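Before any comments, here is the structure.
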There are 2 protein chains.
Amino acid sequence: MAAKQQARQTQKSAARAENERAILAAAEEVFAESGFRGATTGMIAERAGLPKANLHYYFPTKEALYRKVVEHIFTIWLDAANSFDENDDPVEALTAYISTKMDISRAHPMGSKVWANEILHKAPVIQDYLETTLRSWTSSRVAVIDRWVAEGRIAPVNGEYLLYMIWATTQHYADFNHQIDTLNGGAPLSDAQFEEAKQTVVRIVLAGIGAVPAAPGGEGSQA
Amino acid sequence: MAAKQQARQTQKSAARAENERAILAAAEEVFAESGFRGATTGMIAERAGLPKANLHYYFPTKEALYRKVVEHIFTIWLDAANSFDENDDPVEALTAYISTKMDISRAHPMGSKVWANEILHKAPVIQDYLETTLRSWTSSRVAVIDRWVAEGRIAPVNGEYLLYMIWATTQHYADFNHQIDTLNGGAPLSDAQFEEAKQTVVRIVLAGIGAVPAAPGGEGSQA
DNA sequence: AGAAAACCTGACCAAATGGTCAAATCGAGC
DNA sequence: GCTCGATTTGACCATTTGGTCAGGTTTTCT
């Protein structure tokens, strides 16, 4: 008992933590589906299973809640970003990065959609992230790509545009999943289909920049 | 005079045509920036330079106006789609298609954003287009890609996922142009930069699927 | 010129929505 | 079992917004 109380004392009660979690989860869904303006605090409260007034007890304004959601998404994004650096070999690094981004698109499509909505609406909330964290991350990774080119490990390519292609393609599987599902006969991609999509993206990018894994068997698989 | 009147009689007066054009142009911008729910008829009317009540004289409801905007965008999309068929050579066809889609992203970023917003919000208005026109267009082009593969003109690749990659990447330059501008130091890509981006996309896709233009000089440019 | 049709707009309305508040309830420590 | 702060919530309010309407103006047709 005493230990339990002690644990709860750690800042916020269990009930509070649970409520905040439920609200944030509901908010991510609703913001993703409806955008900032399209989402209503009433919808979010309902999906979280509590009255609107209670939601405003935890998050004073709709914008404060939205900011928390966006910050959470940015955290996930940073995790993916790290996978770029796990290996200095272009094949390994890009394969890991693309795979991670694809997995995130499958596991957290809502987060990706909120991000997309933000950019579409000129990033009223995350503009500072774009100008600081994202900009510095991007320029340093472009430097890595430039080095790979200089070392002859990949064909000459503009690093920014390569990264944009990877971002666009991987995030497409989250942001446009409704279109993909519709073209797939109305059903979401199966695990096997998604795996094939992931492999397709990896292969096209790697072959596209002439990054071959050790043995030059790249074109050997051709029929 | 008589001739002028005759010309005006052709369905709608010049004033009417001009007003409708101004409203639709303003609506496309506002819907792109703010989404369906975020846009207000007041904002659209103001940007079009006429009172809100007048806007409602031309377009009875906000949704009717939105539908017209979306239909216009779909028309543009269909034009781009045709460029895929101008040539049966994979290099020619894909180069033309990617180039056209990139040009549209630069010329009509607002339209692309409205489309993206629609998909993000589960396509409440264009679902029927997705299930009919887009679905049949896609499956017939996938058949073309499959044939190219069977004929050994490109490496084995899943046609759907290749198309998704092209759509994602080209539309990224419209939908995420705010992010791209920010990473470009706050300024839009210059014509030269955009041209390089376009060439980068074309090259990566073509090399990525092993589509080489006649002479096998693909990897020769490597340092 | 004059009637009819088309067009324009300020004023207005009902519904939706973000946010507030006071009163009620709960829960831990004494 | 009583106190006090934390939590919960129904009722309420000010603002925004899609849409209406009556009356005025312009254009077209004869």
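A, B, ... follow the sequence lines: proteins, then strands. Residue 1 opens every chain. Values in this document were obtained by computation on a predicted structure and should not be read as measured data. Quick note: numbers below take in every heavy atom, side chains included, and nothing from hydrogens, waters or symmetry partners.
- Residues passing the side chain to side chain contact (heavy atoms under 4.5 Å, CB included) test with A/Thr100, sequence neighbours excluded: A/Ala80, A/Ser83, A/Ile104.
- The shortest non-hydrogen separation linking B/Tyr58 to B/Arg16 is CE2-CG, 3.5 Å.
- For residues 39-56 of chain B, the pairs satisfying side chain to side chain donor-acceptor pair (under 3.5 Å) are B/Glu29-B/Arg47, with sequence neighbours left out.
- In this structure, B/Trp137 and B/Trp77 have perpendicular ring planes: the angle between them is above 60°, well past the 30° mark.
- With ring centers used as reference points, A/Trp167 lies 6.0 Å or more from A/Trp115.
- Look at A/Arg16 and you won't find any side-chain N or O under 4.0 angstrom from OP1 or OP2 of D/dA6.
- For DNA chain D, the neighbouring residues in residues 53-72 of chain A, judged by any heavy atom under 4.0 Å, are A/Ala53, A/Asn54, A/Tyr57, A/Tyr58.
- Taking atom CD on A/Glu20 and atom C1' on D/dT7, their separation rounds to 12 Å, with Å as the unit.
- Residue pairs meeting the salt bridge (Lys or Arg N to Asp or Glu O under 4.0 Å) criterion with at least one member in residues 136-148 of chain A, sequence neighbours excluded: A/Asp85-A/Arg141, A/Asp88-A/Arg147, A/Arg147-A/Glu151.
- Within residues 30-51 of chain A, the residues having any heavy atom closer than 4.0 Å to DNA chain D are, in order of number, A/Arg37, A/Pro51.
- Nearest heavy atoms, B/Thr169 versus A/Ala168: CA-CB, 3.8 Å.
- A search for salt bridge (Lys or Arg N to Asp or Glu O under 4.0 Å) contacts involving A/Arg106 returns A/Asp191, not counting sequence neighbours.
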